[in-house]
Structures are given as structure tokens and as C-alpha cells.
Engineer: 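My structure is below; once you've seen it, I'll send some questions.
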Amino acid sequence: MAQVSLRDLKKVFPGNVVAVDSVSLGIENKEFLVIVGPSGCGKSTTLRMIAGLETITEGEVWIGNKMVNDIPAKDRDIAMVFQNYALYPHMTVYENMSFALRLRKFPKSDIDQRVKEAAEILGIGKLLNRRPRELSGGQRQRVAVGRAIVRKPMVFLFDEPLSNLDAKMRVQMRTELNKLHIKLQSTMIYVTHDQTEAMTMGDRIVVMKDGVIQQVADPIALYDKPVNKFVAGFIGSPPMNFIDGKIIKKDGKLYFTEDGFKVKLVEDMYKKITPYEGKEITFGLRPEDIYDKLFVSDASQDNMVKAVVEMVEPMGAEVFLYIKTNRSSLIARVGGHDKPEVGQDMELVLDMSNAHFFDKNTEESIV
Ligand code: ATP
């Protein structure tokens with residue numbers, strides 16, 4: 001069993017830089033857990049503490065049923081794949097992949113079998129005699145992963161392993177790593193700043209900011225039910241639209257208003273929003289919940305907003321519209337056939353059943 005448990009983990013660097021603060025997290029056996037967050041949020045430091053490459057200021061790291069705080073990296077039964085691959089340039093692919101096993105004095109036949117097995121899984125069997133400089137970026141990345149696989153570790157750790165690849169190769173390697181996880185049935189912890197990578201790879205995702213965990217959830221729950229404005233804005237591309245405004249009540253109905261903008265709330269949100277009546281609030285709506293009225297047959301004035309098109313970004317199957325209401329700029333994600341002109345007036349229909357509201361001061365999610 002290879003579950004990993006982080007208990008009140010803290011890392012303070014010299015100069016009182018708190019990189020990781022009170023991180024508690026259980027990673028289940030065979031789980032693919034992604035830690036995501038902006039640059040400097042402490043995700044690499046967390047991973048490096050699990051690996052044993054960084055000392056722990058406070059708290060505990062458990063791997064399997066052992067507390068490993070004082071166990072050196074080489075004895076932790078983990079394998080780490082780095083962003084820069086860290087291959088030995090003077091060694092062949094075979095030598096790179098077998099290095100850790102040779103160091104541990106594995107029998108030659110065992111090494112040979114493990115390297116060939118890993119090379120087969122990764123489709124690099126024909127490259128075993130080449131040196132890293134004779135490989136493409138994607139091939140080097142496969143070798144780096146292969147070097148981890150041959151060790152059959154309890155836990156795989158990945159630190160931004162795809163960020164040196166071009167966009168197309170990144171997408172391909174993403175799929176390959178997903179397949180690899182299914183094949184190897186191992187526990188994997190993967191660090192990235194890329195929310196798309198996190199959403200497409202993780203069984204569960206941990207979102208971090210300023211050294212603190214913001215939310216741990218599966219991708220869909222994270223997308224649909226972010227706990228605060230930070231998570232809501234970080235997960236999703238293009239990002240969620242945020243508008244600051246006020247909640248007002250008229251004829252028993254609740255509305256969100258902002259200069260030149262008034263939309264009715266759906267009734268099942270009333271209970272949670274009523275305490276905010278007359279107060280400032282932040283309204284959030286994902287780009288796919290904004291429609292062009294021309295393509296909505298049953299639009300009601302209650303959830304319609306007038307706007308001007310500022311920019312049109314055709315993506316093929318869909319179009320991103322950058323639009324401006326009286327005061328706010330929004331992004332809408334509409335069908336590929338919808339291509340209004342820049343400067344054109346349009347009416348937007350907002351799907352208020354998917355609206356999010358955040359407390360303006362605490363930024364915590366209300367609904
Ligand atoms: P990135 O995506 O840019 O790698 P990250 O989320 O992985 O960022 P960390 O590398 O874990 O972030 O760094 C967290 C914080 O700790 C940052 O403020 C960073 O400047 C600081 N930090 C990291 N390593 C050290 C160090 N050796 N000494 C001092 N501060 C450090």
C-alpha cells in the first residue's frame with residue numbers, strides 16, 4: 001500500500017519566508033493527485049518535502065505506514081520526474097534508465113528486463129543506444145519517466161514534467177501519463193501551475209495559494225463548486241467573469257445590480273443571498289453561461305444585459321467574445337457560428353441558474 005499522508009506540514013525558508021503553511025492531506029493508494037497553483041504558492045516545496053529533497057520545518061510526512069521525516073530521499077521508495085528531466089548527458093538512454101538500479105546493485109538480468117519493459121511501455125525501445133542530445137524533448141521526457149518506472153517505486157512524484165514541451169507534445173504526453181497511471185496502478189503526485197493539466201489528469205486536485213491549501217476536490221466539483229473567488233478564477237479557461245455589485249429586493253424578488261445591469265436571481269439561491277440584501281457582493285459567471293440572445297429562443301428580460309463587442313476570438317468550434325456592459329468587461333464562450341462584428345451592440349442572456357456569488361470582503365463562496 002502506498003498512501004501518503006501530510007500532517008500539518010510547514011516549511012519556512014531563511015528570511016522567514018513561509019513557503020508551505022499547515023498543509024494536511026491524505027493521498028490514497030493508486031490515486032493520481034495534482035497539486036496546482038500560481039508560481040510561488042509552495043507546490044514544489046511540498047513535493048520536495050515528500051521526496052526528502054527539502055528539510056521539514058514542522059509537521060510529518062508519512063509514506064505507507066512509515067513516518068519518513070528522517071529517512072533520506074534515496075531510501076523513501078519514491079521516484080521523482082523533474083521539469084528539466086535531469087538526464088545524464090554522457091550516458092545512453094539505457095544507461096540513464098538503468099542508473100539507479102545499477103547503483104543499488106540489482107542483478108544484470110533484472111535490470112535488463114526492467115529497462116526493456118519500461119522502454120516498451122513508453123515506446124522508446126529503439127532509442128536505448130542514443131544519448132539525450134540525440135533525442136527530441138518529448139523523447140527525453142519519456143526517458144525521464146522511464147527512469148522512474150524501472151525502480152517500481154511506491155510513489156511517483158512529478159514536478160511540472162511537461163512544461164518544457166511544445167503545446168502539442170504536452171497534450172500528447174498528458175494522455176500518455178494518464179494511460180501510464182492506469183497501467184501501473186501506482187500512487188502519483190503531480191505538481192503543475194497549469195489548470196488544464198490539473199483538470200485533465202487529476203483524480204483529485206489540490207489548489208494552493210500562498211503556501212495554504214484552498215480546496216481539495218475532484219475536477220468537476222472544483223469547477224462547479226469552488227469554495228472561494230481565488231479557486232473560481234484559477235480553475236477554468238477562459239476564467240470566470242467577476243462583477244462587483246449589489247443585491248436588491250423588488251416585489252419579493254432578488255436582483256443583482258451594477259451600473260446599467262440588473263439580473264434576477266433564481267429562487268433556490270434566495271435563502272443564502274437574502275442576508276446580503278442591500279449589500280455589496282461579487283457575482284461570478286463562467287463564459288459558457290453567457291449566450292448571445294440571437295441564439296436563445298426563450299430569453300426573458302430578467303436575465304438579459306446590453307453590451308458592446310470589443311474583440312472576437314474564433315477558436316474553431318467555439319468563439320470567445322470580449323464584451324463590455326456599461327461598466328464591466330466580460331468574456332463569453334459561444335458557438336463557432338456566432339461571429340458578431342467588433343463594435344456591434346448585442347444582448348446577452350445570462351444563465352442565472354449557474355451563477356456564483358462571493359462575499360466581497362472574505363471572497364468566500366456564498367452560492
Ligand atoms: P513555481 O511554480 O514558480 O515553481 P511553486 O509554487 O512551486 O512555484 P515554491 O518553489 O514551492 O513555489 O516556492 C514557494 C515559496 O518559497 C516562494 O515564495 C519561493 O520564493 C520560496 N522559496 C523556494 N525555495 C526557496 C529557498 N531555497 N530559499 C528561500 N525561499 C525559497
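Whatever order the structure lists ligands and atoms in, that order sets their numbers, starting from 1. The structure displayed is predicted, hence computed values, not measured ones.
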Engineer: For ligand 1, is there an atom lying under 4.0 Å from some heavy atom of Gly40?
Structural biologist: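 It does; at least one heavy atom falls under 4.0 Å.
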Engineer: Suppose we measure from atom 9 (P) of ligand 1 to each protein heavy atom; which comes out shortest, and what is that distance?
Structural biologist: Thr45 OG1, 3.4 Å
Engineer: Under 4.0 Å from a heavy atom of Cys41: which atoms of ligand 1 are those, numbered in the order shown and with their elements?
Structural biologist: 5 (P), 6 (O), 12 (O)
Engineer: Give yes or no for whether the N/O distance cutoff of 3.5 Å, strictly under, is met between Phe13 and ligand 1.
Structural biologist: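 No; every N/O pair is 3.5 Å or more apart.
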Engineer: Salt bridge or not between Asp112 and Lys108? Use side-chain N to carboxylate O under 4.0 Å.
Structural biologist: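 The answer is no: the pair does not qualify as a salt bridge.
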Engineer: Taking only heavy atoms of Glu160 into account, list the atoms of ligand 1 that are under 4.0 Å away from them.
Structural biologist: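 Counting from 1, the qualifying ligand atoms are 2 (O).
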Engineer: Centroid separation under 6.0 Å, is that true for the rings of Phe295 and Tyr291?
Structural biologist: no
Engineer: Indicate whether the side chain of Arg102 and that of Ser98 have a donor and an acceptor atom separated by less than 3.5 Å.
Structural biologist: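 A donor-acceptor contact under 3.5 Å links the two side chains.
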Engineer: How about atom 17 (C) of ligand 1: does it have a protein heavy atom within less than 4.0 Å?
Structural biologist: yes
Engineer: Tell me: protein heavy atom nearest atom 3 (O) of ligand 1, and distance?
Structural biologist: Ser39 OG, 2.6 Å
Engineer: Quickly, which of Glu363, Glu364, Gln214, Lys209 forms a side-chain hydrogen bond (donor to acceptor under 3.5 Å, both in side chains) with Asn228? Name it, please.
Structural biologist: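 Checked Glu363, Glu364, Gln214, Lys209 against Asn228; only one passes side-chain hydrogen bond (donor to acceptor under 3.5 Å, both in side chains): Gln214.
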Engineer: Hey, is atom 20 (O) of ligand 1 under 4.0 Å from any protein heavy atom?
Structural biologist: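 Protein heavy atom within 4.0 Å of atom 20 (O) of ligand 1: absent.
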Engineer: Flag the pair Glu310 and Lys324 as a salt bridge only when some basic side-chain nitrogen lies within less than 4.0 angstrom of an acidic carboxylate oxygen.
Structural biologist: no
Engineer: Return a yes/no value for Val17: is any of its N or O atoms, backbone included, closer than 3.5 angstrom to an N or O of ligand 1?
Structural biologist: no
Engineer: Compute the minimum heavy-atom distance from Pro38 to ligand 1 and say whether it is under 4.0 Å.
Structural biologist: yes
Engineer: Any idea which protein heavy atom is nearest atom 10 (O) of ligand 1, and the distance to it?
Structural biologist: Ser44 CB, 3.8 Å
Engineer: Measuring only between side-chain heavy atoms, which start at C-beta, is Met80 closer than 4.5 Å to Leu53?
Structural biologist: yes
Engineer: Let me see the working for Phe242 and Phe283 under ring pair (Phe, Tyr, Trp, His ring centres under 6.0 Å), right down to the final yes or no.
Structural biologist: CA-CA 6 Å; Phe242 296 112; Phe283 166 52; 9.6 Å; no
Engineer: So is His193 close enough to ligand 1, meaning a heavy atom under 4.0 angstrom away?
Structural biologist: no
Engineer: For the residue pair Tyr190 and Phe32, is the inter-centroid distance of their aromatic rings smaller than 6.0 Å?
Structural biologist: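 Yes, the ring centres sit under 6.0 Å apart.
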Engineer: Distance to 0.1 Å, residue and atom name: give those for the protein heavy atom nearest to atom 2 (O) of ligand 1.
Structural biologist: Lys43 NZ, 2.7 Å
Engineer: Evaluating non-hydrogen atoms only, which member of Ala19, Gly42, Gly211 is closest to atom 15 (C) of ligand 1?
Structural biologist: Ala19
Engineer: Is it true that Thr282 and Asp244 share a donor-acceptor pair across their side chains at a distance under 3.5 Å?
Structural biologist: yes
